[in-house]
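For reference, the structure is listed below as structure tokens.
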Amino acid sequence: MSLTEQDILRYARHIIMPEVGGRGQKRIKAASVLVAGLGAAGSAAALYLAAAGVGRLTLWDPAELTEADLTQAIAHARSSLGQSRAASARGKLLAINPDAAVAASADPDALPDLVAGHQVVVATAGDWEAVQSAVLQAGASAVFAGVQGAAGAALAHRPGTACLGCIPAEERDRAGLRPEGEGCAVAAAGGVVGTVAATEALKLILDIGSPLTDRLWAYDGWTARFRETGVSRRPDCPLCGGD
Amino acid sequence: MMNACFTPEERERLARASVLLIGCGGLGSPVAYELAAAGVGRIGLCDMDEVDLSNLQRQVLHHTADVGRPKVESGREKILALRPGTQVDLHPVTLTSENALELFRQYDLILDGSDNFATRYLVNDACVLTGRPQVHGSIFRFDGQVTTFVPGQGPCYRCIYPTPPPPGSVPSCAEAGVIGVLPGFIGSLMAMEALKLLAGRGTGLTGRLLIYSALDMDVAEVQIRRNPECPVCGDHPTIHELIDYEQFCGGVGA
Ligand SMILES: [Zn+2]
Ligand SMILES: [Zn+2]
């Protein structure tokens with residue numbers, strides 16, 4: 001996967017940094033990311049992954065874009081009302097980066113099967129246990145992230161590290177690590193948590209920095225406080241135990 | 001049980017509020033979308049640059065088709081596409097000691113997304129002199145900082161950075177690079193802080209400086225205090241009007 005002259009101009013601010021460089025930018029271009037959920041956090045994550053030059057993006061979200069979405073998710077426009085959120089975000093991503101191959105799926109049953117064939121999954125909605133199982137089976141990496149109101153949380157996983165199932169459900173819930181659903185969300189808080197998810201996806205692709213693996217990270221927008229809890233792999237995990 | 005999102009009363013306050021964005025680049029991009037989404041009534045965009053291809057890796061307010069267009073015009077289009085009722089005022093000018101005070105008086109809150117030290121000191125002094133709160137953010141490579149300066153309630157930018165760095169000692173974004181998603185994180189934090197201040201809810205960042213490392217995924221917090229000797233907000237200020245900030249910063253922007 002080589003870089004074109006246009007790529008070198010567009011990604012100049014990445015390429016100049018030794019942690020990315022031309023080599024890293026090629027890795028980003030060769031990468032494939034599945035973004036599940038185009039609400040508050042997923043919208044911000046998808047926009048920044050497309051802008052960063054991820055070569056192939058798949059967007060999954062069965063919900064139809066509503067007025068309420070426009071107050072909490074920034075990858076959409078009023079003119080897309082009535083489309084699926086996946087299709088709406090696809091249009092926005094392509095306007096930012098026409099070089100990306102962006103696919104959209106609004107099929108509610110497609111999610112766990114979509115995981116195969118992607119290097120990283122950014123999961124902000126859907127059945128996270130099913131996503132984690134598919135990620136484990138595919139040997140892929142994942143970032144789970146979501147926002148409720150102005151608070152949210154994130155966790156990264158790559159083969160060998162703690163998976164979603166290694167964290168007891170009550171502990172996840174206490175930290176606010178849940179898929180986004182019907183509840184309201186503040187777009188700015190979605191931006192904070194979604195960009196953390198995108199940052200972690202890029203770090204996993206580039207293999208740089210200290211990833212959020214084995215670390216449950218949380219943000220509370222109302223107090224501007226951040227919290228982190230260490231987590232570890234559990235032999236009796238219902239998802240990854242015994243492999 | 002607290003409302004998870006802004007209450008109708010708080011949204012009413014946001015609808016009556018006005019925010020001036022200094023810069024429609026990396027930091028201004030998420031802020032513009034997120035303030036509009038929250039229903040801020042009037043958003044001012046101050047930037048005289050045009051969209052460049054090398055901006056698009058991080059400045060998600062602009063599309064590929066916008067390359068070559070004024071950033072403020074591209075920004076207005078995106079805000080209106082998300083929330084057509086927003087009043088968007090364009091200021092396609094360089095912020096100077098001549099125009100800053102009059103401009104700032106037209107807004108409730110100033111959001112500094114500038115990328116050079118001369119503008120940061122200018123924004124700071126103009127905020128102190130007009131009594132406007134300021135949400136401040138800066139980015140460098142994989143690192144960023146965010147805080148809020150509220151005149152009379154805590155420190156100002158000069159209290160914590162009394163003197164600018166020697167010219168040329170801090171490389172620019174073009175020279176040092178920046179990971180594209182970094183301004184997305186810092187800008188979104190800034191937007192959240194601006195919304196809280198305008199809605200009158202939550203605990204803000206006055207007196208607290210957040211220091212972020214994307215590589216470590218770590219946010220450290222440092223307590224910052226008003227300096228009684230500060231030349232602009234101290235007990236006996238010596239700066240009563242805007243000065244020549246290019247000269248103060250050594251003749252060049254960072
Ligand atoms: Zn597990
Ligand atoms: Zn001061």
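Protein chains get the first letters and strands the later ones, always in sequence-line order, with residue 1 at the start of each.
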Top contributor to chain A contacts, counting heavy-atom pairs under 4.5 Å, from [options]:
options	value
B/Ala214, B/Gly184, B/Ala194	B/Gly184
B/Ser188, B/Ala191, B/Gly202	B/Ser188
B/Gly177, B/Cys5, B/Gly187	B/Cys5

Is chain A contacted by the side chain of [X], its backbone, both, or neither, given a heavy-atom distance below 4.5 Å?
X	answer
B/Val178	both
B/Leu35	neither
B/Leu82	both
B/Glu175	backbone
B/Ala36	neither
B/Leu195	side chain

Minimum heavy-atom separation for [X] to [Y], with atom names?
X	Y	result
B/Pro30	A/Tyr48	CD-OH, 3.5 Å
A/Lys203	B/Asp216	NZ-C, 4.1 Å
B/Val60	A/Ala51	CG1-CB, 4.0 Å
A/Val186	B/Met192	CG1-SD, 3.9 Å
A/Ile74	B/Tyr33	CG2-CB, 3.7 Å
B/Met217	A/Glu200	CE-OE2, 3.2 Å

Identify which of [options] forms the greatest number of heavy-atom pairs closer than 4.5 Å to chain B.
options	result
A/Val193, A/Val196, A/Thr195	A/Thr195
A/Ala95, A/Gly53, A/Ala77, A/Ala12	A/Ala95
A/Ala188, A/Ala198, A/Gly149	A/Ala188
A/Pro98, A/Ser79, A/Ala52	A/Pro98
A/Thr199, A/Ile208, A/Leu47	A/Thr199
A/Leu212, A/Leu9, A/Ile16, A/Leu94	A/Ile16

First locate atom [atom1] of [X], then atom [atom2] of [Y], and finally report the distance between them rounded to the nearest 0.5 Å.
X	Y	atom1	atom2	value
B/Ile179	A/Leu202	CD1	CG	5.5 Å
B/Leu56	A/Asn97	CG	CG	8.0 Å
A/Ser210	B/Asp218	OG	CG	9.0 Å

Of all the residues in residues 218-231 of chain A, which have a heavy atom that comes within less than 4.5 Å of a heavy atom in chain B?
-> A/Tyr219, A/Gly221, A/Trp222, A/Thr223, A/Ala224, A/Arg225, A/Phe226, A/Glu228
Checking heavy atoms, do the side chain of [X], its backbone, both or neither come under 4.5 Å from chain B?
X	result
A/Ala44	neither
A/Ala185	backbone
A/Ala154	neither
A/His14	both
A/Val20	side chain
A/Ile15	neither

With a cut-off of 6.0 Å (strictly less than), are more than 12 heavy atoms of other residues, nucleotides or ligands near CD of B/Glu221?
->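 For B/Glu221, atom CD is crowded (more than 12 foreign heavy atoms under 6.0 Å).
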Hey, is CD on A/Glu5 packed in by over 12 heavy atoms from elsewhere, all under 6.0 Å?
->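 Counting neighbours around CD of A/Glu5, 12 or fewer heavy atoms of other residues, nucleotides or ligands fall under 6.0 Å, so no.
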Determine whether B/Glu34 and A/Gln72 make a side-chain contact, defined as any pair of heavy atoms from C-beta on separated by less than 4.5 Å.
-> no
A/Pro18 vs B/Arg141 side-chain heavy atoms within contact, under 4.5 Å =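 Sidechains of B/Arg141 and A/Pro18: in contact.
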B/Ser54 side chain to A/Arg10 main-chain N or O, any donor-acceptor pair under 3.5 Å?
->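 Side chain of B/Ser54 to backbone of A/Arg10: no pair is present.
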Can you check side chain to side chain donor-acceptor pair (under 3.5 Å) on B/Arg83 and A/Thr71, steps first, answer last?
-> CA-CA 8 Å; B/Arg83 193 178 178 92; A/Thr71 67; over 6 Å; no
